[in-house]
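Input: a single structure, listed below in structure tokens.
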There are 2 protein chains.
Amino acid sequence: MSAATGTPLSEQSILSTLDDAGDTAGATAVRLMMAAADAFSDKGFHATTTRDIASRAGLSPAGVYVHFTSKEDLLFELSRRGHQRARDLLVAAAEKSDSPTEALRSIIGGFSKWHAEHHQLGRIVQYEFRHLTPEHREAVLNLRREIDKVVRGVLTEGVERGEFEVDDVHATALALLSMAVDVARWYSPEIRRTPDDIARTNGDLAVRLVARR
Amino acid sequence: MSAATGTPLSEQSILSTLDDAGDTAGATAVRLMMAAADAFSDKGFHATTTRDIASRAGLSPAGVYVHFTSKEDLLFELSRRGHQRARDLLVAAAEKSDSPTEALRSIIGGFSKWHAEHHQLGRIVQYEFRHLTPEHREAVLNLRREIDKVVRGVLTEGVERGEFEVDDVHATALALLSMAVDVARWYSPEIRRTPDDIARTNGDLAVRLVARR
DNA sequence: GTCTATAAGGAGATAGAC
DNA sequence: GTCTATCTCCTTATAGAC
């Protein structure tokens, strides 16, 4: 449907993330969030001006403040919705898998794929985190802890069921998340590998890293 | 020696990176670079003001421009010296190892340790990269390509010698570098694991990811 | 090489009309 | 809800004395 209207793919996918986040946001607010995501991921939070965001969204500089209380508020909404979506993805992948091995392949592959397809949002989530206010940082940190917990849970269950051999669950979970999260840093739509390729190779590597031999 | 004079550890290690980079820099220039590294890693390039840097180095705002032509020039010097140091470390570790297995353990362990001990510089190198001018970005990119090449070289040799089993050398090299580079993002001096612990666990995980079974 | 003073140009955010 | 106009503050960088 969106494809028929000519909406670029990047806007489609970012829109689905911003739109499905549970609570409602007006069409103009969504347009502003997309404009901000574009600008923040390209130039960074502080190098982006509110004039930048407003003009990308087809509004005057003052128009931003009807929908968001500040530039930081806009960053927080992007960060919160991005984290929520990522967490929901992981939880769903872990729940619908039959074995720890398949769960691990699915969550690390899926998380890697998400960071490729949404590398703009992924970069904002990772790199602009420190520009949130302390309160907003704390809110986002809680979502991050849930994500870490899902990965550690799968590793622990795999060890208990005898499918995995893991020396240090905490360190291994971090290394696995690093593999997936870092995709947002190096991915570009121009490269040879597709998001699905990345999902496959990173999923396989994850299993290989912990599988019993 | 520095310890006897009361220089904090973080300054010692960053100084060694900035100082040993081949070409000379005056004492005031080094002081400015340390101040900038502190500020950039804490608040990011654009959120840091030249007044910030100058006052941390005990100079007036104008004092910066005697030693560096611009704020971006300061960032470039930090980035260039950080990359050079990291590359030299990897090349040395790869060369002095007897087998691909030991080389891989050494370069990924060593690189991870460097990103823990120098997490300030590591963050600047990774997160502030986009704020360099196109020319400076290109110069730094050349150093990065050398780093990638060292890792791929070790993997290829390990496969040829029958020590490693690797499906996709390119993808595996990226995953290994992600593991090490991402340490700069999550490391903090307050955590339980020391840089040496991180070197050990990440070195072991790297070998496990590719070892023939 | 370092300072004080200042130029020149944004920045985020608000007021008030429509 | 959107606009134009503007306030107030702060930015990088330079000029010129010492």
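Owing to the predicted nature of the structure, the values given are computational and were not obtained by experimental measurement. Note: hydrogens, waters and symmetry copies are ignored here, and every other heavy atom, side chains too, is used. Lettering follows sequence order; numbering is per chain, from 1.
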Taking atom [atom2] of [N] as reference, at what distance in whole Å does atom [atom1] of [X] sit?
X: B:Tyr65; N: C:dT6; atom1: OH; atom2: C1'; answer: 14 Å
X: B:Leu32; N: D:dT12; atom1: CG; atom2: P; answer: 14 Å
X: A:Phe40; N: C:dG12; atom1: CZ; atom2: C1'; answer: 12 Å
X: A:Lys71; N: D:dC10; atom1: NZ; atom2: C1'; answer: 13 Å
X: B:Leu74; N: D:dT11; atom1: CG; atom2: C1'; answer: 16 Å
X: B:Phe68; N: D:dT12; atom1: CZ; atom2: C1'; answer: 16 Å

Are A:Glu138 and A:Arg145 close enough, and set up right, to give a salt bridge (Lys or Arg N to Asp or Glu O under 4.0 Å), and what steps lead you there?
CA-CA 11 Å; A:Glu138 196 48 47; A:Arg145 289 191 196 104; 3.5 Å; yes
Could you report the tightest heavy-atom contact between [X] and [Y], atom names first, then the distance?
X: A:Ile107; Y: A:Leu90; answer: O-CD2, 3.5 Å
X: B:Gln126; Y: B:Arg144; answer: OE1-NH1, 3.8 Å
X: A:Ser70; Y: A:Tyr65; answer: CA-CE2, 4.1 Å
X: A:Ile147; Y: A:His83; answer: CD1-O, 4.3 Å
X: B:Pro61; Y: B:Arg51; answer: CG-CG, 3.9 Å

When Watson-Crick pairs (N1 to N3 and N6-O4 or O6-N4) and G-U wobble pairs (N1-O2 and O6-N3) count only below 3.5 Å on both distances, what is the dot-bracket string of DNA chain C, with | for other-strand pairs?
||||||||||||||||||
B:Glu135 with B:Arg80: basic N within carboxylate O range, under 4.0 Å:
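Between B:Arg80 and B:Glu135 there is no salt bridge, as every charged N stays at least 4.0 Å from the carboxylate O atoms.
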So, does the side chain of A:Arg51 form a donor-acceptor pair with the base of C:dG12 at under 3.5 Å?
yes
For A:Thr48, which contact category applies under a 4.0 Å heavy-atom criterion: base, sugar-phosphate, or nothing?
sugar-phosphate
Distance, nearest 0.5 Å, that separates CG of A:Asn202 from CE of A:Met179:
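Rounded to the nearest 0.5 Å, the CG-CE separation comes to 4.0 Å.
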Once rounded to the nearest 0.5 Å, what's the spacing between atom OH of A:Tyr127 and atom CD of B:Glu128?
10.5 Å
For nucleotides 1-5 of chain D, tabulate all protein N/O to nucleotide N/O atom pairs closer than 3.5 Å, reporting atom names and distance.
| from | atom 1 | to | atom 2 | distance (Å) |
| --- | --- | --- | --- | --- |
| D:dT2 | OP2 | A:His67 | NE2 | 2.7 |
| D:dC3 | OP2 | A:Ser60 | N | 2.7 |
| D:dC3 | OP2 | A:Ser60 | OG | 3.0 |

